[in-house]
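Structure in structure tokens, see below.
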2 protein chains.
Amino acid sequence: MQDTYAMPGHLARRFQQIAVAVFLAEVDAAGYDLTPVQYVALAAISANPGIDQVTLAGLIAYDRTTITGVVDRLVQKGLVERNESSRDRRARELTATPAGRKTLDGITPAVEAAQRIMLRGLTQKEAKDLIRLLQKAIASSNELSRAPLRDPATA
Amino acid sequence: MQDTYAMPGHLARRFQQIAVAVFLAEVDAAGYDLTPVQYVALAAISANPGIDQVTLAGLIAYDRTTITGVVDRLVQKGLVERNESSRDRRARELTATPAGRKTLDGITPAVEAAQRIMLRGLTQKEAKDLIRLLQKAIASSNELSRAPLRDPATA
DNA sequence: GCCTATTGATCAGTATGCTGAATATCAGTA
DNA sequence: TACTGATATTCAGCATACTGATCAATAGGC
């Protein structure tokens, strides 16, 4: 049996664990209070005003049931508005508020710094390779998770 | 601002999400009911009989407070025994039960299959590169998470 | 031996993520 | 139009993960 420390599953958990910790530390140091999940959701909503929750979920590969709580918290923080859709009364239309867009602008440098920090042990070439390999592995197994990415560009 | 889909933080979440889904599917198909976290904990306990919870946490990079619940569930499933330590009455000594060791043996092929599946889109060389790069990135940022790895071999 | 700082475990509270089910609504068809 | 199947959201329940606090016990310095 191979070394546990070399198993991709273990490495995935560790890398994600570190990525979240670095993200929260940088964002907090910049004076913001937003989780990685909330950030990605806010960015996607801001880029797609009026988006419904299922489409949003597919866009950022969340589970549908997780989205509800995430949006709840974004609404509670005043960063997002959730309104009943006029075309489909089942759906909710999500829009970033001015405060949401302002937060997004202000937080971006911290988010980018976090990305650099989590790769700080790698050379530029290694970092590019890692990103490429992760993207390739993820693309090949996208359908294996309950919340596959639904990229409108490739759908 | 760079593409969200190319951010290491996003890729870390997606890869971990897929890794967990693949693990659970393979383990379930093999007739077992064990999460990735429970598996790693059980393996570490089996390899280190009598280990206490803090040492276990360091060995597999868990948060101390998470361990309590994980061990609770392993004990409830009859795979692990938790006894008060005789040397230190604060500590708990963890041991795998015969059922725990049997589960570990039986589940190994499914766990290894899961590792292959989550890398199925990569060539052998790419898979090796990905593992190496993840290990390198993680090692450089180990101390940035609340639950850094405490490898007894390097401590 | 006593005091203080540390340590091992647990708990309360919050935020992902998932499964499976319920509810309301919509869309297509007989 | 009535019915059937699909869809958008939410909820209950469970399992990670984390922060910060509490509590019991230990260890080291004096």
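Lettering follows sequence order; numbering is per chain, from 1.
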Inset, instruction - Indicate, with a heavy-atom threshold strictly under 4.0 Å, whether A/V70 touches base, sugar-phosphate, or nothing. - result: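 Contact class for A/V70: sugar-phosphate only.
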Inset, instruction - Figure out the CD/P separation between A/Q76 and C/dA15, and round it to whole Å. - result: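 These atoms are roughly 8 Å apart.
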Inset, instruction - Grab the two heavy atoms, one from A/L122 and one from B/A137, that are nearest each other, plus how far apart they are. - result: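 Shortest heavy-atom contact: CD2-N, 3.8 Å.
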Inset, instruction - Please state how far atom CD in B/Q38 lies from atom C1' in D/dA15, giving the value in whole angstrom units. - result: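 Value for this atom pair: 8 Å.
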Inset, instruction - Using a strict 4.0 Å threshold on nitrogen-to-oxygen distance, state whether A/R90 and A/D52 make a salt bridge. - result: no
Inset, instruction - With heavy atoms under 4.0 Å as the rule, sort B/S85 into base, sugar-phosphate or nothing. - result: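 Nothing: the residue B/S85, judged by heavy atoms under 4.0 Å, touches no strand.
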Inset, instruction - Assign each of A/A91 and A/T65 to its nearest nucleotide of DNA chain D by heavy atoms, then name whichever residue's nucleotide is nearer the 5' end. - result: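 Going by which nucleotide is closer to the 5' end, it is A/A91.
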Legend entry - Length of the CG-C1' vector between B/D28 and D/dC14, whole Å: 16 Å
Inset, instruction - Round to a whole Å and report the spacing from OH of A/Y62 to P of C/dA15. - result: 14 Å
Inset, instruction - Compare every heavy atom of B/E93 with every heavy atom of B/S85, then report the nearest pair and how far apart it is. - result: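 That closest heavy-atom pairing would be OG-OE2, 3.5 Å.
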Legend entry - Residue A/R82, side-chain atoms from C-beta onward, closest of D/dA25, D/dG20, D/dT10: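 My answer, after comparing the listed nucleotides, is D/dT10.
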Inset, instruction - Remember a base hit wins even if backbone is also touched, and classify B/E84 as base, sugar-phosphate or nothing at under 4.0 Å, heavy atoms. - result: nothing
Legend entry - Base partner of D/dC11, which must satisfy Watson-Crick or wobble distances under 3.5 Å: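 D/dC11 is paired, partner C/dG20.
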Inset, instruction - Identify, between A/T66 and A/R87, the residue whose nearest nucleotide on DNA chain C lies closer to the 5' end. - result: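 Here A/T66 is the residue nearer the 5' end.
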Inset, instruction - Could you check B/I51 against A/R89 and say which one's nearest nucleotide on DNA chain C is further toward the 5' end? - result: B/I51
Inset, instruction - Please indicate whether B/D72 has more than 12 foreign heavy atoms, meaning atoms of other residues, nucleotides or ligands, lying under 6.0 Å from its CG. - result: yes
Inset, instruction - Return no unless some side-chain N or O of B/Q53 is found under 4.0 Å from OP1 or OP2 of C/dT10. - result: yes
Inset, instruction - Look at all strands and tell whether A/D63 reaches a base, only sugar-phosphate, or nothing, counting heavy atoms closer than 4.0 Å. - result: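 A/D63: base contact, heavy atoms under 4.0 Å.
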Legend entry - Side-chain donor/acceptor of A/R64 to base of D/dT9, under 3.5 Å: no
Legend entry - Nearest-angstrom distance from the residue atom CD1 of B/I67 to P of C/dG8: 13 Å
Inset, instruction - Could you check whether A/T35 gets within reach of a base, just the sugar-phosphate, or nothing at all, counting any heavy atom under 4.0 Å? - result: sugar-phosphate
Legend entry - d(CG, A/D88; C1', C/dA27) in whole Å: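 After rounding, the reported distance stands at 10 Å.
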Inset, instruction - Please state how far atom CG in B/D72 lies from atom P in D/dA17, giving the value in whole angstrom units. - result: 16 Å
Inset, instruction - Counting heavy atoms from C-beta on, name the nucleotide in C/dT25, C/dA9, D/dA17 closest to the side chain of B/D52. - result: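 Selected nucleotide (nearest to the side chain): C/dA9.
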Legend entry - Below 4.0 Å: OP1/OP2 of D/dT16 and any side-chain N or O of B/Q16: no
Inset, instruction - Could you tell me whether the side chains of A/Q53 and A/R82 share a donor-acceptor contact shorter than 3.5 Å? - result: yes
Inset, instruction - Assign each of A/T68 and A/A21 to its nearest nucleotide of DNA chain D by heavy atoms, then name whichever residue's nucleotide is nearer the 5' end. - result: A/T68
Inset, instruction - Let me know the distance between NZ of A/K77 and C1' of C/dT14, rounded to the nearest Å. - result: 11 Å
Inset, instruction - Name the nucleic acid region contacted by A/R92, choosing base, sugar-phosphate or nothing; use a 4.0 angstrom heavy-atom cut-off, strictly under. - result: sugar-phosphate
Legend entry - D/dT16 OP1/OP2 closer than 4.0 Å to side-chain N/O of A/R13: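 For D/dT16, neither OP1 nor OP2 has a side-chain N or O of A/R13 closer than 4.0 Å.
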Inset, instruction - May I ask you to check whether over 12 heavy atoms, not counting those of B/Q76, lie within 6.0 Å of atom CD? - result: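 Open: at most 12 neighbouring heavy atoms sit under 6.0 Å from CD of B/Q76.
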